[in-house]
Amino acid sequence: MAKSFFITTAIDYSNGQPHLGHAYEKIIADVLARSRVCFGEQAFFLTGLDEHGQKVQQAALAEGKTPQAFCDHLAIGWRSLPKTLNLRIDDFVRTTELRHKQVVQAILVKLEREGHFYKAEHSGFYSTRQETFLTEKDRLPNGGFDPFYGEVVELKEENYYFKLAPHQDWLISHIEQNPEFVSPENRRNEVLGFLKNQKLEDLCITRPASRLSWGIPIPFAPEYVTYVWFDALVNYISVPASHGDPIVCQALDLPGSSGEAGARELWPADIHVIGKDILQFHAVYWPIMLRAMGLPLPSRILAHGWWQKDGQRMSKSTGNTVDPQAVVTEWGVDAFRYYVVRELAIGADGNWTDAGFSGRYHSELANGLGNLVNRSLSMVHRYRGGVLPARSNDLEAEAAIASGETESHLRACNPQAALQSIWALIARANQYVDQTAPFKLAKDPHRSARLDEVLYALAETTRVLAVLLWPFLPGTAEKIYAQLGLGNSPNRFTDSSWGGIRPGHQLGPVAPLFPRKDHPKA
RNA sequence: GCCAGUGUAGCUCAGGGGUAGAGCAGGGGACUCAUAAGCCCUUGGUCGCAGGUUCAACUCCUGCCACUGGCACCA
């Protein structure tokens, strides 16, 4: 079996409910994953939950639950998100799963054996109340610490460290020689600046179990647990390992190396979709970890921006939030998917406004796409009883341009630009209706043949649009196919070539795709 | 403090040494297939400020201002 196109999101810290930022990241990844399905590739889309750590442990304690029970409860809501957003995911990982913990431990054993770790003592200011070390940043102007931290003591603690210094030079040259490795470009420059301007400090990879018990035990030092890096990031390879990926299994001496039946070839990842806040972890620490393990690096780290609401930071305490579930319930999942992808170039920060959402919904989805499909197919029903008599090539060239641009933009990870290309075809088709005026042709029996051609061009354009739209608006694309009377799914890009509808084809029933919401029915 | 970046029409942004562009919003018109949608036409800008280079600067250079991001640090 050939290697699949492997795309991941960050796994979310299971310490709250999904919000707009989480939903956005997953939708971007889903659009890119679905586009690969369209291109005829095997795609594998992974997302999941990061469940260990201090905050989870404390939150569980506060609720009188075990950390595992706390995570199990929260996971229910998170696992429903893919369904809410119509994500075509292939796996959902939780870091408390055995398959993940086993791989984490195998990695730790291997890297310890090969001398990548050392043990050292660190002393610093420790807040017993907050159970955390404080840094100079936490100091107040008078040199003390906020009473919030309670008693602060100078504490010495031994931990394991991962050596980073030997990796700095090759990482810089790898990023320089692979322009797509960190994208967009401004983020790449940021990482290069970070790497070139300072010596990397070694990474502390453990916590004493006495202080933080909710983590994966270090196999060779059970009085410690792993700290984030060698836990959360590892999901990107622990899941491939659990599917028998030969590259990961061989590098880590895991069972499955011999290539079992049903094994998936996943690693290296093609795209890690992440938020800009965790760029350093993915562009600096993660590549170094992989190199130390003897694994190839992912092809691309795609860092997206943050959303605001009405120009303000979203915050639960002020209620200034966007609830993805509520928007989907009110407007439909495809409207939500459309808005977040269309509004932002990947990497830019966005600003959600209800007026902006409603504006795009009405002008682009309802009046643009929805009305085009509705007017086109309605005329076929009205004038030809829903049967397309003759083929024509009007609009073929415009459809081909839209297809070509859509594909190249999707391959370049620019779904926003792809939507703009698709909407250029929608605008052209709406213009074509006015220029050819099929409703006038219908009144003149001598121009019946011309009417056939126009109706065909419009129906065929809506069919091409369904194919182009499938990665973005899968439900809508399938509705268009159903209205066209086509039984299959518009999920093959090769079907975007002109002439897919045969003369004599009978359309299905027509219904508006995106009903307007600003004019209540009279 | 250091390093980037941004500042263009009411809004979101594109552009790039030689009559300022798009989408949305606003205004007008002709049509009627359609979700009163669509189509055509159109009003908006001394392109952050001040200098400089040039025959010519919104575009290049310098300084300043504002905002954003990253890094570092201090009380």
Side-chain angles (χ1 to χ4, degrees), chain A residues 135-145 182 184-201 275-280 283-284 303-306 308 310-311 313 332 335 339 342-345 347-353 355-384 414 416-417 419-424 426-443 451 454-455 457-459 462 476 479 483 510-522:
Chain A
T135 67
E136 291 301 322
K137 280 182 191 170
D138 299 311
R139 272 190 196 272
L140 296 172
N142 62 16
F145 292 96
V182 180
E185 196 180 359
N186 61 331
R187 296 295 165 197
R188 174 170 173 260
N189 293 338
E190 236 172 68
V191 173
L192 281 172
F194 173 83
L195 282 170
K196 286 178 173 176
N197 291 333
Q198 65 205 286
K199 263 194 80 177
L200 286 175
E201 280 183 43
K276 62 182 182 178
D277 55 320
I278 52 175
L279 178 62
Q280 299 307 359
V284 177
H304 67 252
W306 285 135
Q308 293 190 324
D310 300 324
R313 186 189 169 85
Y339 179 72
R342 177 61 185 76
E343 184 72 13
L344 293 189
D349 285 341
N351 183 29
W352 177 293
T353 63
F357 182 95
S358 175
R360 286 205 188 279
Y361 178 91
H362 287 108
S363 79
E364 293 166 23
L365 291 175
N367 301 349
L369 171 64
N371 190 49
L372 172 68
V373 172
N374 195 235
R375 70 198 303 210
S376 299
L377 303 190
S378 293
M379 285 190 284
V380 178
H381 279 282
R382 175 184 285 243
Y383 302 135
R384 289 294 180 264
N414 191 349
Q416 181 197 40
L419 285 178
Q420 287 168 318
S421 293
I422 294 170
W423 255 258
I426 291 170
R428 171 63 190 124
N430 270 322
Q431 180 188 53
Y432 174 83
V433 174
D434 280 72
Q435 290 175 339
T436 56
F439 38 87
K440 286 182 182 164
L441 296 174
K443 291 173 182 162
L451 176 59
V454 169
L455 294 177
L458 287 170
T462 65
T476 299
K479 280 185 195 167
Q483 294 191 21
V510 173
L513 293 170
F514 296 96
R516 291 185 67 95
K517 288 174 172 283
D518 47 358
H519 300 288
K521 283 174 194 167

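These numbers come from a predicted model, not from an experiment.
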**Prompt:** Closer to the 5' end of RNA chain B via nearest nucleotide, is it A:Ala427 or A:Asp349?
**Reply:** A:Ala427

**Complete:** Scanning all shown strands, the Watson-Crick or wobble mate of B:U59 with both distances under 3.5 Å is none

**Message:** Nearest to the A:Asp434 side chain among B:U35, B:G38, B:C33, which nucleotide is it?
**Reply:** B:G38

**Request:** Return the orientation label for the A:Phe357 and A:Tyr361 ring planes: parallel under 30°, perpendicular over 60°, tilted otherwise.
**Result:** parallel

**Request:** Indicate, yes or no, whether a donor-acceptor pair under 3.5 Å links the base of B:A34 to the side chain of A:Asn371.
**Result:** yes

**Item:** Rounded distance in Å between the C1' positions of B:U53 and B:U12
**Value:** 34 Å

**Prompt:** Contact class for A:Pro515 vs. all strands (heavy atom < 4.0 Å): base, sugar-phosphate, or nothing?
**Reply:** base

**Paired nucleotide for B:G45 [Watson-Crick or G-U wobble; both distances under 3.5 Å]** = none

**Prompt:** Which part of the nucleic acid, if any, lies within contact of A:Gln198, taking any heavy atom under 4.0 Å across all strands shown: a base, the sugar-phosphate backbone alone, or nothing?
**Reply:** sugar-phosphate

**Message:** So A:Phe514, base contact, sugar-phosphate only, or nothing? Heavy-atom distance under 4.0 Å.
**Reply:** base

**Message:** Counting only Watson-Crick pairs (N1-N3 plus N6-O4 or O6-N4) and G-U wobbles (N1-O2, O6-N3), all under 3.5 Å, who is the partner of B:C39?
**Reply:** B:G29

**Asked** If you pin A:Asn189 and A:Gln435 to their nearest nucleotides in RNA chain B, which one's is more 5'?
**Response** A:Asn189

